[in-house]
Trainee: 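Take this structure, written in structure tokens, and hold onto it; I'll ask about it next.
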Amino acid sequence: MLDPRLIRSELDYVVAQLARRGFKLDAVRIIELEAQRKDIQVRTQTLQADRNARSKSIGQAKAKGEDIAPLLAEVGKLGDHLKSAEQELSQLQTELEAIMLGVPNIPHESTPDGKSENDNVEIRRWGEPTCFDFDVKDHVDVGEQLGGLDFDTAAKITGSRFAVMTGGVARMHRALIQFMLDLHTREHGYTEIYVPYIVNKESLRGTGQLPKFEKDLFKLNDEQEYYLIPTAEVPVTNVVRDEIIDTADMPRRFACHTPCFRSEAGSYGRDTRGMIRQHQFEKVELVQIVKPEDSHQALEALTGHAEIVLQKLGLPYRVMALCSGDIGFSSTKTYDLEVWLPAQNTYREISSCSNFEDFQARRLQARWRNPETGKPELVHTVNGSGLAVGRTLVAILENYQQADGCLKVPEVLQTYMGGLTTIAKA
RNA sequence: GGAGAGGUGGCUGAGUGGUCGAAAGCACUGGUCUUGAAAACCAGCGACGGGUUAAACCGUCCCAGGGUUCGAAUCCCUGCCUCUCCGCCA
């Protein structure tokens with residue numbers, strides 16, 4: 001959520017900034033509602049003050065043993081006026097809040113302008129696209145040849161966009177998770193955290209998935225209206241919801257492995273083959289809760305932490321700065337890491353690292369006590385994938401495939417796989 | 001699933017219809033003392049919204065949502081959550 005005061009005082013600026021990302025803010029409507037709100041709020045508060053004063057004098061009169069009947073008569077009508085004013089006010093506030101919850105974050109000044117992913121800007125590359133002296137297969141063929149990847153069985157068990165992994169492939173998938181968690185906790189200063197995979201509406205509203213993106217979520221058919229998490233970002237960031245964090249505990253850095261569930265309504269027809277786009281996938285997520293002045297530095301650092309995973313795995317990649325039209329709803333600045341997929345002859349997203357500044361914090365009421373002011377102030381939140389495990393496996397299947405159909409095991413994974421150096425063809 | 005207890009400021013915790021936004025303690029901030037620190041003592045100290053140059057001041061908030069009342073942290077209803085005991089269970 002944006003700062004309501006910013007919208008009130010710098011409406012033109014906000015409108016212009018949101019236009020950069022293709023969002024049209026209904027300024028006229030907001031001005032209108034704000035004016036009404038102010039008017040009714042003043043009226044309501046005047047009535048409340050009046051009621052409070054009268055009630056107080058009734059109490060005092062009663063204490064002295066005076067007759068309170070005339071005072072009661074006086075206050076009689078006040079209640080009705082007050083009630084209707086209060087109702088009107090809360091209706092307006094609800095409407096204003098609904099609008100505010102649907103307004104995306106303002107792009108950071110360093111976020112390049114642009115309309116779509118075609119306008120994203122390449123920041124740097126690492127490694128050279130892998131060369132092969134034989135015909136490269138895509139990860140589906142490599143995986144099936146190894147007898148480790150099976151989409152037909154998954155379709156039987158559930159439906160499309162699920163995968164069954166077996167044997168060495170399943171083991172490598174698990175090894176990747178251990179490797180990533182160990183790396184981030186041992187070398188990058190993150191605390192491992194385990195969280196629920198089912199969350200309530202408040203949590204999803206806090207990180208920005210609700211109310212606008214319910215279609216992308218799997219909702220449970222229960223009384224509590226629970227949802228499966230689309231990313232660990234939701235439960236992990238909500239750890240600090242409604243909290244005032246001690247300065248000594250800042251920053252907080254969490255590394256978390258969870259499955260992610262995405263309905264992705266609207267993505268039909270994209271990446272239908274293979275493991276790129278699934279309803280269920282594993283991810284190791286990095287989340288940082290930081291002081292406002294540190295958040296952009298934290299984004300650079302966090303992006304670097306995700307990059308090191310790719311470097312250690314020997315997977316070529318590039319870093320893209322998403323343009324204003326392509327960053328997510330809650331984000332002010334986002335870097336995507338794109339890994340080289342030889343079969344597609346292109347780079348594909350494998351991590352997305354974002355700074356949300358205080359956008360999520362405001363929804364979450366996540367604050368820290370600034371020692372300089374002594375006051376609670378909103379924190380900044382930063383997160384990113386470190387990495388998407390399924391897609392990392394895809395990248396390994398494609399980049400480490402051998403002419404004979406076997407799969408080399410990246411060196412850093414070998415200790416996680418009992419010293420195995422190659423996964424043999426089935 | 002059954003029975004009971006409870007949800008109050010950053011934390012612990014008192015408060016059962018009328019100057020209660022709320023005792024006390026801890027934490028924190030400032031001061032005295034000290035070479036410095038600690039201790040001790042004194043003072044200050046909730047959040048949010050409105051208002052103000054700043055204050056004063058006004059409003060809302062004692063889990064959430066309804067209700068009773070001139071007036072609710074306090075009474076009633078519903079929901080959520082936590083704890084204890086019993087049962088069941090990986």
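Every chain is numbered from 1, with letters handed out A, B, ... down the list of sequences.
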Trainee: Using the C1' atom as the point on both nucleotides, what is the distance between B:G2 and B:U68, in whole Å?
Mentor: 33 Å

Trainee: Let me know the distance between CD of A:Q365 and P of B:C63, rounded to the nearest Å.
Mentor: 17 Å

Trainee: How many Å lie between CG on A:N52 and C1' on B:C57, as a whole number?
Mentor: 14 Å

Trainee: Applying a 4.0 Å non-hydrogen cut-off, can you work out what A:P376 is touching in the nucleic acid: base, sugar-phosphate, or nothing?
Mentor: sugar-phosphate

Trainee: Are A:E293 and A:K291 within salt-bridge range, i.e. N to O under 4.0 Å?
Mentor: no

Trainee: Calculate the interatomic distance between A:R205 atom CZ and B:A64 atom C1'; express it in whole Å.
Mentor: 12 Å

Trainee: When the P atoms of B:G17 and B:U29 are compared, how many Å lie between them, rounded to an integer?
Mentor: 40 Å

Trainee: Can you tell me the pairing partner of B:C81 across any strand shown, Watson-Crick or G-U wobble, with both distances under 3.5 angstrom?
Mentor: B:G6

Trainee: Does the pair A:L420 and A:Q414 meet the rule for a side-chain contact (heavy atoms from CB on, under 4.5 Å), with working shown?
Mentor: CA-CA 5 Å; A:L420 198 69; A:Q414 290 173 5; over 6 Å; no

Trainee: Could you pull out all residues at least two apart from A:E88 that satisfy salt bridge (Lys or Arg N to Asp or Glu O under 4.0 Å)?
Mentor: none

Trainee: For B:C28, give the paired nucleotide (Watson-Crick: N1-N3 plus N6-O4 or O6-N4; G-U: N1-O2 and O6-N3; both under 3.5 Å), or none.
Mentor: B:G44

Trainee: Can you pull the ring pair (Phe, Tyr, Trp, His ring centres under 6.0 Å) pairs that have at least one residue in residues 283-302 of chain A, sequence neighbours excluded?
Mentor: A:H108-A:H296

Trainee: Could you tell me how far B:G31 sits from B:U84 if I compare only their C1' atoms? Round to whole Å.
Mentor: 47 Å

Trainee: When the nearest nucleotide of RNA chain B is assigned to A:G374 and to A:Y226 on a heavy-atom basis, which residue is associated with the more 5' position?
Mentor: A:G374

Trainee: Select base, sugar-phosphate, or nothing to describe what A:D246 touches, counting heavy atoms under 4.0 Å on all strands.
Mentor: nothing

Trainee: In whole Å, what is the span from the CG atom of A:N370 to the P atom of B:C45?
Mentor: 20 Å

Trainee: Rounded to the nearest Å, what distance is computed from the CG atom of residue A:L89 to the C1' atom of nucleotide B:G50?
Mentor: 11 Å

Trainee: On RNA chain B, compare the nucleotides closest to A:Q87 and A:R5; which residue's is nearer the 5' end?
Mentor: A:R5

Trainee: Any chance you could list the contact pattern along nucleotides 69-74 of chain B? Use B for base contacts, S for sugar-phosphate-only contacts and - for none, protein heavy atoms under 4.0 Å, 5' to 3'.
Mentor: -BS---

Trainee: Which pairs with one or both residues in residues 142-182 of chain A pass ring pair (Phe, Tyr, Trp, His ring centres under 6.0 Å), sequence neighbours excluded?
Mentor: A:F162-A:H279

Trainee: Check ring-ring contact (aromatic ring centres under 6.0 Å, His included) between A:H305 and all other residues, then give those that pass, not counting sequence neighbours.
Mentor: A:H188, A:Y190

Trainee: Return the value, rounded to whole Å, for the distance between atom CD of A:E34 and atom P of B:G50.
Mentor: 9 Å

Trainee: Would you mind reading off the distance between A:R367 atom CZ and B:A47 atom P, rounded to a whole angstrom?
Mentor: 8 Å

Trainee: Applying ring pair (Phe, Tyr, Trp, His ring centres under 6.0 Å), which residue pairs with at least one partner in residues 221-263 of chain A are found, sequence neighbours left out?
Mentor: none

Trainee: What is the distance, to the nearest angstrom, from the CZ atom on A:R369 to the P atom on B:G46?
Mentor: 10 Å

